[in-house]
Amino acid sequence: MEVRRHHAAFCGPHFLEWFEHQVERAIHRERMFTPKDRVLVAVSGGKDSLVLWDVLLRLGYDATGLHLNLGIGAYSQDSQAKCEAFARAQDATLLVVDLPQVLGAGVEELARLSGRVPCSACGLSKRYLFNRVALEHGFDVVATAHNLDDEAAVLLGNLIAGNVEALVRQSPVLESTHPGLVRKVKPLYRIAERETAAYAVLRGIDYILDECPNSVGARTLLLKEALNLLERESPGTKQSLYWNFLEKIRPRLAAHHEREALGSCVHCGQPTTGEVCAFCRLTERVAQRMRVRALAHERAPQPV
Amino acid sequence: MRDLLRELGLNPETVIVIRGSDLLTQDSEVREDDEIEIRPVVSGGIGAVHEV
């Protein structure tokens with residue numbers, strides 16, 4: 001396996017060793033967690049999250065999986081099945097939250113009823129529910145499988161948009177700034193997407209190859225394509241972009257930036273900058289639309 | 001491998017190539033009768049399995 005950004009090529013066993021060392025180094029370097037901490041790993045059934053869970057278990061961390069079933073037909077069923085099969089094979093604990101059961105609607109219907117695009121409703125639901133489950137079950141930290149490619153693409157997008165607020169927040173560790181906010185960490189931030197796929201194949205991890213049907217045409221893909229063109233011609237571009245940002249640019253931005261104070265949502269108690277958190281606003285709007293729809297159905301002429 | 005990916009118009013940064021249980025590098029040789037899988041690695045990417 002070639003790792004061109006490090007001018008290196010490894011045989012299978014040495015690649016696996018190198019990969020796990022990179023993850024361990026990220027955890028230590030950023031002081032993400034220790035073996036005493038209870039880690040909740042957000043797992044989708046895709047390569048990155050199952051690889052992250054696998055590595056954390058191998059490194060001896062106390063890692064429990066959390067899968068959010070988004071209610072996107074066969075895609076969600078297959079995704080959950082991959083997570084369950086992995087958990088069984090590893091004898092690890094998997095928690096599952098079923099969005100349609102909790103809210104009465106899957107992510108696509110949530111998006112339709114709330115007027116958001118599916119990726120926005122999905123991201124909001126994930127952030128909220130991962131944090132809530134972690135709090136309710138007493139986890140110390142939530143680990144997500146964002147890799148170097150994800151972070152570089154998001155960074156490029158935020159730079160293009162001049163989104164200073166998001167740039168200040170973009171980090172491998174998001175500290176808790178509210179009693180109801182669990183720390184969030186990204187142990188794969190030093191690992192390229194191609195490397196997680198290689199790790200999954202070499203370890204025999206069975207992940208879902210299909211992509212979310214809603215991600216087709218997503219802007220992140222365009223940004224990744226652009227970065228991969230640069231990477232092909234100049235190996236190390238993605239790493240330099242993101243790591244230089246973290247070491248040289250973000251500290252300067254953060255030093256001149258005052259973060260908005262977090263309060264508690266009057267409905268659910270979760271952290272928010274407003275009176276009612278974005279997730280409660282979303283679910284209220286959806287419930288309201290559902291009531292209107294049910295009422296319209298009742299009043300419609302019934303077939304004789 | 002390098003030539004094959006170029007012929008298919010694929011950026012090597014966006015795929016891994018699998019033969020049996022082995023991962024191929026860009027310098028690996030691929031024969032006419034080899035069965036390989038070219039697997040996209042970009043999340044959200046659309047790709048197909050190619051056979052040679």
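Lettering of chains follows the sequences in order, A, B, ..., and the numbering in each one begins at 1.
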Query raised in the report: Taking A/Leu202, A/Asn228, A/Asp150, A/Val201 one by one, which has the highest count of heavy-atom pairs under 4.5 Å against chain B?
Result: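 Option with the top pair count is A/Asn228.
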Query raised in the report: Looking at B/Leu23, B/Ile16, B/Asn11, which makes the most heavy-atom pairs under 4.5 Å with chain A?
Result: B/Asn11
Rounded distance [0.5 Å steps], [atom1] in [X] versus [atom2] in [Y]:
| X | Y | atom1 | atom2 | value |
| --- | --- | --- | --- | --- |
| A/Glu225 | B/Glu13 | CD | CD | 13.0 Å |
| A/Arg232 | B/Leu5 | CZ | CG | 10.5 Å |
| A/His146 | B/Ser43 | NE2 | OG | 10.0 Å |
| B/Thr14 | A/Leu229 | OG1 | CG | 9.0 Å |

Query - Structural part of A/Phe10 lying under 4.5 Å from a heavy atom of chain B - result: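 Contact with chain B: none, neither part.
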Requested in this report: Please look at A/Asp210 and chain B and tell me whether the side chain, the backbone, both or neither of the residue comes under 4.5 angstrom of a heavy atom of that chain.
Outcome: neither
Query raised in the report: Can you tell me if NE2 on A/His6 sees more than 12 non-hydrogen neighbours from other groups inside 6.0 Å?
Result: yes
Side chain to side chain, [X] and [Y], heavy atoms closer than 4.5 Å:
| X | Y | answer |
| --- | --- | --- |
| A/Glu211 | B/Pro40 | no |
| A/Arg4 | B/Pro12 | no |
| B/Val42 | A/Glu193 | yes |

Query raised in the report: Could you walk me through whether A/Leu209 and B/Arg39 pass the side chain to side chain contact (heavy atoms under 4.5 Å, CB included) check?
Result: CA-CA 9 Å; A/Leu209 290 171; B/Arg39 188 180 288 190; 3.6 Å; yes
Query raised in the report: Considering all heavy atoms of both residues, which atom of B/Val41 and which atom of A/Ala197 are nearest to each other, and what is their separation?
Result: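 Nearest heavy atoms, B/Val41 then A/Ala197: CG1-CB, 3.4 Å.
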